[in-house]
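Written out below as structure tokens is the structure these notes cover.
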Amino acid sequence: MSRHEDFERKINRSLNTMEAKISYLHEGMRGLQDSFKEFHEDITEYMAFSAEKYADHEKRLAALEKKVQ
């Protein structure tokens, strides 16, 4: 075999390895994106719930303060 063929085989092997890793990375990023979307929905729902409860709590505290004064 010629030295050129040796290099060609080595380079092709490296390219195949990189393609596999890029594919794996792409799948991982897609999974991360899906997980983030789910987290975003959950945290948005929690924040809305917390804001509602916090406002209600503030109203009750204000009412109690008025009664105490």
Side-chain angles (χ1 to χ4, degrees):
M1 278 186 236
S2 72
R3 190 141 165 90
H4 175 75
E5 289 172 341
D6 290 341
F7 278 118
E8 185 178 13
R9 197 173 9 256
K10 186 176 180 181
I11 289 169
N12 285 335
R13 188 171 45 246
S14 294
L15 285 173
N16 287 337
T17 301
M18 283 194 321
E19 282 183 34
K21 289 181 179 185
I22 288 171
S23 177
Y24 180 76
L25 178 63
H26 181 69
E27 289 174 20
M29 289 301 291
R30 186 179 305 136
L32 179 61
Q33 183 180 17
D34 293 344
S35 293
F36 182 77
K37 284 179 183 177
E38 184 179 328
F39 170 75
H40 183 265
E41 291 169 1
D42 291 343
I43 197 69
T44 301
E45 183 180 352
Y46 171 72
M47 289 171 66
F49 170 78
S50 294
E52 181 182 313
K53 291 299 176 185
Y54 180 76
D56 182 54
H57 184 67
E58 287 289 321
K59 290 176 190 174
R60 291 187 335 188
L61 281 176
L64 284 173
E65 287 174 352
K66 284 181 184 178
K67 288 181 183 180
V68 171
Q69 291 176 356

For residues 30-37, please give each side-chain donor-acceptor pair under 3.5 Å, one per line with the distance, not counting sequence neighbours.
| residue | atom | partner | partner atom | Å |
| --- | --- | --- | --- | --- |
| R30 | NH2 | H26 | NE2 | 2.9 |
| S35 | OG | G31 | O | 3.1 |

Considering residues at least two apart in sequence or located in another chain, which fulfil the side-chain contact (heavy atoms from CB on, under 4.5 Å) criterion with [X]?
{"X": "Y46", "result": "I43, S50"}
{"X": "Y24", "result": "none"}
{"X": "L15", "result": "I11, N12, M18"}
{"X": "H4", "result": "S2, E8"}

Carboxylate-amine/guanidinium contact R9 D6, below 4.0 Å: yes

Return yes when atom CD of E45 has more than 12 non-hydrogen atoms of other residues, nucleotides or ligands closer than 6.0 Å, and no otherwise. no

Validation: residues 59-66 side-chain donor-acceptor distances under 3.5 Å, sequence neighbours left out:
none

Does E19 offer a backbone N or O that forms a donor-acceptor pair with the side chain of S23 under 3.5 Å? no

Any side-chain heavy-atom pair of D42 and E38 under 4.5 Å: yes

